[in-house]
Amino acid sequence: MQNRRLTDLGLFLLRLSSLALVLEGIHQLMHLGPAIEALRGVPFVGQAPDLVAVALGTAWVVLPALLAVGLFTRVAALLQAAGIAVVYACLLLGGAPVLDPVTGGLAQPAPLAYAALALPLVFTGAGRLSIDHALGADRRVRLAERRASR
C-alpha cells in the first residue's frame, strides 16, 4: 500500500513537471510574429502559419494545465506527446540539425524531454491525486455494487 501512495505522488510530480511548457505557450501567444515567421518555412504548415502558431501556443498552455490538475490525463498526454513529435519532425524536415556540432548531443533536447514526460502518463493515467480519479470514483462504486449484487 505504501508503494501505491508513493507511485501516486510520483505521477503527481510527473504531471506538474509539464507546467514549464505553459510558459513557452504564453510567450508564443504574446509574441506571435517570430513564431509565424519560423513556421513559414516549415513543411506541412501550408498557407496558415498564423493559425498553426496560435494553435500550438494554445495547446502548450491548455494541455500541461490539464495534465497538472489530472483532467483527461491520458488524452492530454497523448496530444502533448504527439504535438511535440510533429513539431520536432517539422524542425528536422525544415533543415534543423539533429546533433549539435559543438557538444555532440541532440541539437534541441527540450521538445523531446516534454514528450518523454508525457508518454508515461498515456500508459499509467493520472493516479489517485487527480480530478480523473475523483470523477471515476462514482463509476467504480457503481461497478462494485453491481458485482456485489451478482
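Atom set for the values below is all heavy atoms of this structure, side chains included, hydrogens, waters and symmetry mates excluded.
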Where is the tightest heavy-atom contact between [X] and [Y], given as atom of each residue plus distance?
X: Ala77; Y: Ala118; answer: CB-O, 3.3 Å
X: Arg5; Y: Arg128; answer: N-NH2, 3.7 Å
X: Ala53; Y: Ile36; answer: CB-CG1, 3.9 Å
X: Gly104; Y: Leu99; answer: O-CD2, 3.9 Å
X: Gly127; Y: Ser130; answer: O-OG, 2.8 Å
X: Tyr88; Y: Gln108; answer: CE1-O, 3.3 Å

*With distance as the sole test, does Asp132 use its side chain to make a donor-acceptor pair with the main-chain N or O of Thr73 at under 3.5 Å?*
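Looks like yes, one N/O pair under 3.5 Å.
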*Could you tell me whether a side-chain N or O of Arg15 sits under 3.5 Å from a main-chain N or O of Leu129, the two making a donor and an acceptor?*
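Such a contact is found between Arg15 side chain and Leu129 backbone.
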_Checking side-chain contact (heavy atoms from CB on, under 4.5 Å) between Leu112 and each of Leu117, Leu106, Ile84, which is the one that passes?_
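By the side-chain contact (heavy atoms from CB on, under 4.5 Å) criterion, Leu112 pairs with just one of Leu117, Leu106, Ile84: Leu106.
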Between atom [atom1] of [X] and atom [atom2] of [Y], what is the distance when rounded to the nearest 0.5 Å?
X: Asp50; Y: Glu37; atom1: CG; atom2: CD; answer: 10.5 Å
X: Tyr114; Y: Glu24; atom1: OH; atom2: CD; answer: 4.5 Å
X: Phe12; Y: Leu6; atom1: CZ; atom2: CG; answer: 14.5 Å

Linking I/L/V/M/F/W/Y whenever any side-chain heavy atoms sit under 4.5 Å apart, do [X] and [Y] land together?
X: Trp60; Y: Val54; result: no
X: Leu13; Y: Leu67; result: no
X: Leu19; Y: Leu66; result: no
X: Val62; Y: Leu71; result: yes
X: Leu63; Y: Val75; result: yes

*Check the pair Leu56 / Gln28 against side chain to side chain contact (heavy atoms under 4.5 Å, CB included), numbers first and verdict last.*
CA-CA 8 Å; Leu56 284 175; Gln28 183 171 337; 3.8 Å; yes
*Check: Leu21 and Gln80 side chains under 4.5 Å, non-hydrogen atoms*: yes
_Check: His27 and Met30 side chains under 4.5 Å, non-hydrogen atoms_ =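 Contact flag for Met30/His27 side chains = no.
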